[in-house]
S.K.: 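Before I ask anything, let me first share the structure, which is written out below as structure tokens.
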Amino acid sequence: MRTLSLRNVSAILPSMKIASWNVNSIKARLTHVKDWLATAQPDVLLLQELKGLEFPDMEFTALGYHSKCVCQKSYNGVATLSKSDIDVICDYLPNPGEDDQARYLEADINGLRVINIYLPNGNPAPGEKFDYKLGWMDRLYARLKALREARVPFLVGGDFNVIPEDRDCYDATAWEGDALFRPESRAKFRALLNLGLYDAFRIFNSEPGQYTFWDYQAGRWQKNQGIRIDHFLCSPEVTDRLANCAIDRDPRGKEKPSDHTPVIVEVNRP
DNA sequence: ATGTCACTCAACGAGTGA
């Protein structure tokens with residue numbers, strides 16, 4: 001009798017499901033997140049905008065998830081949940097300066113480098129906050145460039161607070177001048193792509209009207225007047241392993257929802 | 001549509017950020 005090689009065993013395992021979700025307060029959204037984990041069953045979930053120092057890690061342990069978080073009082077905050085061990089590489093954007101805000105968590109999970117980001121909003125623009133956003137994007141660029149040069153297969157997911165193209169916005173005119181849509185922000189987003197990264201969603205979907213965020217105000221959700229600002233960018237090695245990328249609109253339609261909804265990628269095992 | 005939601009301080013609402 002022949003024994004399966006490790007490679008063959010690996011090949012028959014299901015793909016790894018990795019999701020990202022800006023929850024706009026983990027305290028306010030705990031039930032939503034637990035319910036979604038139970039139905040969607042992702043292997044990894046990247047959370048952004050936790051908005052507090054307390055992170056309910058035991059709630060997720062009870063559901064079979066390890067967790068690592070970077071927290072800050074009142075604002076920002078990111079956490080990575082995973083069914084497998086999380087080996088934290090860095091909990092701040094390392095280069096070429098240091099972060100005073102909780103927006104970055106880089107970790108190895110199942111041999112894959114998974115980076116969770118909450119990119120600064122940057123409004124009002126122009127101004128100090130917009131400058132901070134652009135500087136943060138420069139530092140992200142430097143970090144991802146280093147990973148590319150070191151040939152580290154990775155994916156970076158999270159709330160990028162950037163509308164990449166006109167088709168990612170219900171009304172380009174309405175968003176003109178906004179920090180999420182300004183040419184400077186979009187140019188820096190394209191610079192990330194020019195490192196050789198791929199926008200996972202656009203590998204599998206080309207239609208307009210596909211959004212991840214709808215403002216609470218003015219019935220934007222009911223009218224599907226949203227923007228696509230939550231993304232997964234993948235290095236070429238990971239892009240070659242992509243099985244799918246999709247937006248799950250369901251959580252946005254629940255009672256007391258976050259203004260964002262999850263994005264999910266499926267990555268085949270190597 | 002000046003439209004909502006969540007945070008904090010200190011309060012029973014105002015200011016801030018998204």
Side-chain angles (χ1 to χ4, degrees), chain A residues 20-36 45-57 59 69-79 92-93 99-105 116-137 140 157-164 168-182 184-186 188-189 211-231 247-263:
Chain A
S20 174
W21 190 7
N22 176 321
V23 290
N24 184 18
S25 167
I26 188 59
K27 189 177 176 187
R29 230 65 64 195
L30 182 59
T31 307
H32 298 70
V33 175
K34 287 168 68 177
D35 288 351
W36 192 74
L45 175 58
L46 312 180
L47 298 170
Q48 301 90 31
E49 231 186 326
L50 305 174
K51 291 179 102 169
L53 282 171
E54 302 292 317
F55 185 73
D57 56 340
E59 298 276 355
C69 63
V70 189
C71 291
Q72 180 184 335
K73 188 177 177 181
S74 310
Y75 307 114
N76 311 316
V78 292
Y92 60 93
L93 189 52
D99 246 351
D100 53 347
Q101 301 183 7
R103 297 181 176 277
Y104 186 92
L105 180 55
N116 181 359
I117 69 163
Y118 177 43
L119 205 148
N121 175 295
N123 279 305
E128 250 178 55
K129 291 190 173 169
F130 191 54
D131 292 342
Y132 184 79
K133 174 182 195 147
L134 298 180
W136 205 93
M137 293 186 82
L140 180 64
D159 179 358
F160 281 68
N161 269 316
V162 177
I163 301 163
D168 298 311
C169 179
Y170 70 91
D171 181 1
T173 313
W175 283 82
E176 202 177 322
D178 191 282
L180 280 62
F181 201 61
R182 285 182 70 102
E184 300 94 322
S185 310
R186 299 166 84 184
K188 288 190 188 295
F189 185 87
Y211 309 125
T212 64
F213 168 94
W214 298 259
D215 200 290
Y216 287 123
Q217 301 183 73
R220 296 292 182 215
W221 165 249
Q222 287 75 11
K223 293 182 269 188
N224 192 34
Q225 294 179 338
I227 53 178
R228 192 176 69 92
I229 56 173
D230 299 271
H231 310 295
I247 296 165
D248 182 358
R249 293 167 55 99
D250 284 357
R252 185 61 180 82
K254 305 275 189 200
E255 286 294 312
K256 302 286 280 178
S258 167
D259 38 9
H260 296 248
T261 212
V263 186

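Throughout, protein chains are lettered first and strands after them, A, B, ... in sequence-line order, and every chain is numbered starting at 1. Source: prediction; values computed, not measured.
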S.K.: Between C1' on dC7(B) and CG on N76(A), what's the gap in Å once rounded to a whole number?
M.R.: 12 Å

S.K.: May I ask you to decide if Q225(A)'s main-chain N or O and Y211(A)'s side chain share a donor-acceptor pair within less than 3.5 Å?
M.R.: no

S.K.: Got a donor-acceptor contact below 3.5 angstrom from the S185(A) side chain to the L180(A) backbone?
M.R.: no

S.K.: When the P atoms of dT2(B) and dC7(B) are considered, how many whole Å apart are they?
M.R.: 26 Å

S.K.: Would you tell me if any nitrogen or oxygen in the side chain of K256(A) comes within less than 4.0 Å of OP1 or OP2 on dT4(B)?
M.R.: no

S.K.: Between dC7(B), dC9(B), dA18(B), spot the one nearest the side chain of K73(A), thanks.
M.R.: dC9(B)

S.K.: Of the nucleotides dA18(B), dA6(B), dT8(B), which has the atom closest to the K51(A) side chain?
M.R.: dA6(B)

S.K.: Measure CG/D259(A) against P/dG17(B) and give the value in whole Å, please.
M.R.: 17 Å

S.K.: Which nucleotide in the set dA18(B), dT4(B), dC7(B) lies at the smallest distance from any side-chain heavy atom of Y118(A)?
M.R.: dA18(B)

S.K.: Side chain of K129(A), heavy atoms from C-beta onward: which of dG17(B), dC7(B), dT4(B) has the nearest atom to it?
M.R.: dG17(B)

S.K.: Could you tell me the separation between the CG atom of L180(A) and the P atom of dG17(B), rounded to a whole number of Å?
M.R.: 16 Å

S.K.: Within the structure shown, what part of the strands sits under 4.0 Å from R29(A) by heavy-atom distance: base, sugar-phosphate, or nothing?
M.R.: sugar-phosphate

S.K.: Are D215(A) and R220(A) close enough for a salt bridge, meaning some N to O gap below 4.0 Å?
M.R.: no

S.K.: Send over the distance from N161(A) CG to dG17(B) P, rounded to a whole Å.
M.R.: 15 Å

S.K.: Could you say whether A218(A) or P257(A) is positioned toward the 5' end of DNA chain B, judged by the nucleotide with the nearest heavy atom to each?
M.R.: A218(A)

S.K.: Mind calculating the distance between CD1 (I227(A)) and C1' (dA18(B)) to the nearest angstrom?
M.R.: 11 Å

S.K.: Measure the distance from CD1 on I163(A) to C1' on dA18(B) and round it to the nearest whole Å.
M.R.: 13 Å

S.K.: Pick the closest DNA chain B nucleotide for A28(A) and for P120(A) by heavy atoms, then say which residue is nearer the 5' end.
M.R.: A28(A)

S.K.: Taking T261(A)'s backbone N and O only, do any of them form a donor-acceptor pair with R249(A)'s side chain (distance below 3.5 Å, no angle check)?
M.R.: no

S.K.: Just call it for F213(A): base, sugar-phosphate, or nothing, with non-hydrogen atoms closer than 4.0 Å on any strand.
M.R.: nothing

S.K.: Given the C1' atoms of dA14(B) and dA10(B), what is the spacing between them in whole Å?
M.R.: 11 Å

S.K.: Give a yes or no answer on whether the side chain of S20(A) reaches the backbone of G157(A) with a donor-acceptor pair at less than 3.5 Å.
M.R.: no

S.K.: Separation of E128(A) atom CD from dT16(B) atom C1', in whole Å?
M.R.: 15 Å

S.K.: Given atom CD of Q217(A) and atom C1' of dT2(B), what is their separation to the nearest angstrom?
M.R.: 9 Å

